[in-house]
Amino acid sequence: MAGVPVAPPAFDPVHSAFASDAVGSRRRLRGWLLRSRSSGGILFFVLRDRTGTLQVTAKRDRLGAEAFAAAERVQVEGAVQVEGTVAADARAPGGRELRADRIDVVHSGEAFPIFADQTEEFLLDKRHLAIRSQEHVAIFRVKATLLRALREFLAAEDVLEMTPPVLTGNPAEGGSEAFQIDYFGRPGYLSQTAQLYLEALLVPNERVYALTPSFRAEKSRTPRHLTEYLHLEIELAWCDLNDLLSFIERMVASAAHTVARERAAELTQLGRPPEELLALTPPFPRITYRAAIERLRAQGLPVELGSDLGTAEERALTLEERAPIFVTHFPTRLKAFYMLRSPGDPETVEAADLLAPEGYGEIVGASARETDIGLLIERLRETGADPATYEWYLDLRRHGSVPHAGFGLGVERLLRWILRREHIRDTTPFPRTPSRHTP
Ligand code: ATP
Ligand code: MG
């Protein structure tokens, strides 16, 4: 609004001390203490806020004995406000420091329990504090940008975000991996996938997606399974497998490029050169399941036609790759009941998994969906399910059933590869695994 005076911001961001004209100017900063030491009446500490870190020095003579003593008592991760003059100093990290003439202690805090060389288990117990580390900060900034990049791509493609439930009355894909809960005395389940709901929302909207948690009661302790993960699921009407795969590769490349451009510093800090992501260009290589099995057998792996691709097989297929690859046309009996049987070959389905390179393995599961109600019921029976429990879903094939296809992408799986993390738990602030659901 014109004419309304705007008060100058009371505090400056820490990174403002590194501006080219900052030396000699005054700053008021606030944040948390990364580390400190005091000797001979001079206190050195590193101050952190969301924009960066800066060395601060304070002299007892300048602050006064009482204020100096209070500042000395501030623990690692204590909170302070400081005022002073920016100086150039070659010994300070980044070549700048703030010479403080005032320090206000906001919260001096207790001794911070996290320091170097602690066990992974201890750090997971203290996860609520461990996530303040520079490494975690960088990871979750990349994740935030990745989520925004995915949503921006989908908005540009005119795909509408939907909000399906995560509490359900039936497990979507059989009971073994579903968490059961007590729903007022009746069984309820935590959603393993939003797909069936998205298929219902598809008809009026044609292009829909959801970004919701999925829950899998997988007891296997692998570096790529969480029991709760963020699932990006998409359904597109009038779409076949070929169209779908080109959509997926454009989405993955676009999101990787955005992250590389906007989070180059964090990627570099975390060991992924951004140029590697910028080099990703669609189309991604495609091989059939049959060709994949032949390739693995030629490498000496003990696999048979008809067996599923596990961690070891996906690793062997992608170890030497630099871009993701699609494995297509899996055997029908390995895949879910709703996948479309290939025209001319009912033994395979119009399905594909996208495998991340460098050994990381599956990040997307995709397929064209079966539209014929008779075939759906037949496949449900074959998998031992009772078609009656899918009654509402079968209704979708009774009213305006059209060709459509969709996929699910595990956000933490994608991020694990982008950031080259050994374990998927690093990609989520509060990981849920078989042995842990706290803090
Ligand atoms: P996997 O064989 O690796 O267990 P899946 O075949 O069970 O995967 P889908 O049911 O196709 O996976 O789920 C779609 C996507 O969700 C997967 O491609 C993957 O990216 C992600 N995903 C599946 N299970 C998990 C999990 N337990 N933790 C994290 N992400 C997962
Ligand atoms: Mg699984």
Side-chain angles (χ1 to χ4, degrees), residues 143 146-147 150 164 166 171-179 189-196 198 209-235 241 244-245 248-249 251-252 255 284 289 292 307-315 317-318 324-328 330-331 333-339 349-357 359-369 383 405-419 421-437:
K143 190 173 191 179
L146 177 64
L147 289 169
L150 291 165
V166 292
E173 283 184 38
S176 66
E177 279 185 0
F179 282 106
Y189 301 88
L190 299 181
S191 172
Q192 303 148 290
T193 168
Q195 183 196 317
L196 307 189
L198 286 177
Y209 80 92
L211 186 52
T212 48
S214 275
F215 302 88
R216 306 271 171 112
E218 332 218 34
K219 286 224 188 64
S220 53
R221 286 157 214 266
T222 77
R224 59 181 207 167
H225 287 92
L226 294 164
T227 54
E228 174 181 346
Y229 68 97
L230 203 47
H231 206 173
L232 176 62
E233 292 176 274
I234 294 162
E235 291 291 321
L241 184 65
L244 187 69
L245 300 195
I248 294 169
E249 61 202 4
M251 185 182 84
V252 169
F284 298 156
Y289 163 85
S307 59
D308 208 354
L309 303 179
T311 306
E313 291 77 27
E314 291 183 5
R315 187 179 152 75
L317 281 172
T318 61
I325 62 169
F326 286 111
V327 180
T328 70
F330 285 86
R333 19 162 240 92
L334 290 183
K335 290 293 185 181
F337 72 94
Y338 47 71
M339 296 192 179
V349 278
E350 292 291 285
D353 285 352
L354 183 65
L355 309 185
Y360 285 98
E362 180 178 339
I363 51 176
V364 172
S367 78
R369 314 304 195 193
T383 59
F407 66 91
L409 172 145
V411 172
E412 288 83 6
R413 291 261 182 109
L414 174 59
L415 190 61
R416 173 175 173 245
W417 158 57
I418 286 180
L419 295 180
R421 305 306 291 193
E422 181 67 30
H423 203 290
I424 194 168
R425 69 171 165 245
D426 293 350
T427 62
T428 196
F430 296 100
R432 295 327 189 203
T433 56
S435 56
R436 179 179 290 280
H437 58 344

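Keep in mind the model is a prediction, meaning the values are calculated, not measured. All residue numbers in this chain count up from 1 along the given sequence. Numbering of ligands and ligand atoms starts at 1, following listing order.
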query = Hey, is Glu362 close enough to Arg224 for a salt bridge, meaning N to O under 4.0 Å?
reply =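 Looking at Glu362 and Arg224, the cut-off is not met.
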key: Arg333 and Asp308 ion-paired at < 4.0 Å   =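 Salt bridge between Arg333 and Asp308, a charged N being under 4.0 Å from a carboxylate O: no.
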message = Is there a side chain to side chain donor-acceptor pair (under 3.5 Å) between Tyr338 and Gln195? Walk through the geometry before answering.
response = CA-CA 10 Å; Tyr338 47 71; Gln195 183 196 317; 3.1 Å; yes
Atom CZ of Arg436: over 12 foreign heavy atoms under 6.0 Å =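 Atom CZ in Arg436 is crowded, with more than 12 foreign heavy atoms closer than 6.0 Å.
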query = In terms of heavy-atom contacts, does NE2 of His437 have more than 12 from other residues, nucleotides or ligands at under 6.0 Å?
reply =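 Not more than 12 within 6.0 Å, no.
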inquiry  = Could you tell me if Glu233 and Thr193 have a donor-acceptor pair between their side chains, going purely by distance under 3.5 Å?
reply    =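 Note: Thr193 and Glu233 side chains meet the donor-acceptor criterion.
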key: Contact residues of ligand 1 (heavy atom under 4.0 Å), by chain and number   =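 Residue list for ligand 1: Arg216, Glu218, Arg224, His225, Leu226, Tyr229, His231, Glu362, Ile363, Val364, Gly365, Gly408, Gly410, Arg413, Ile424.
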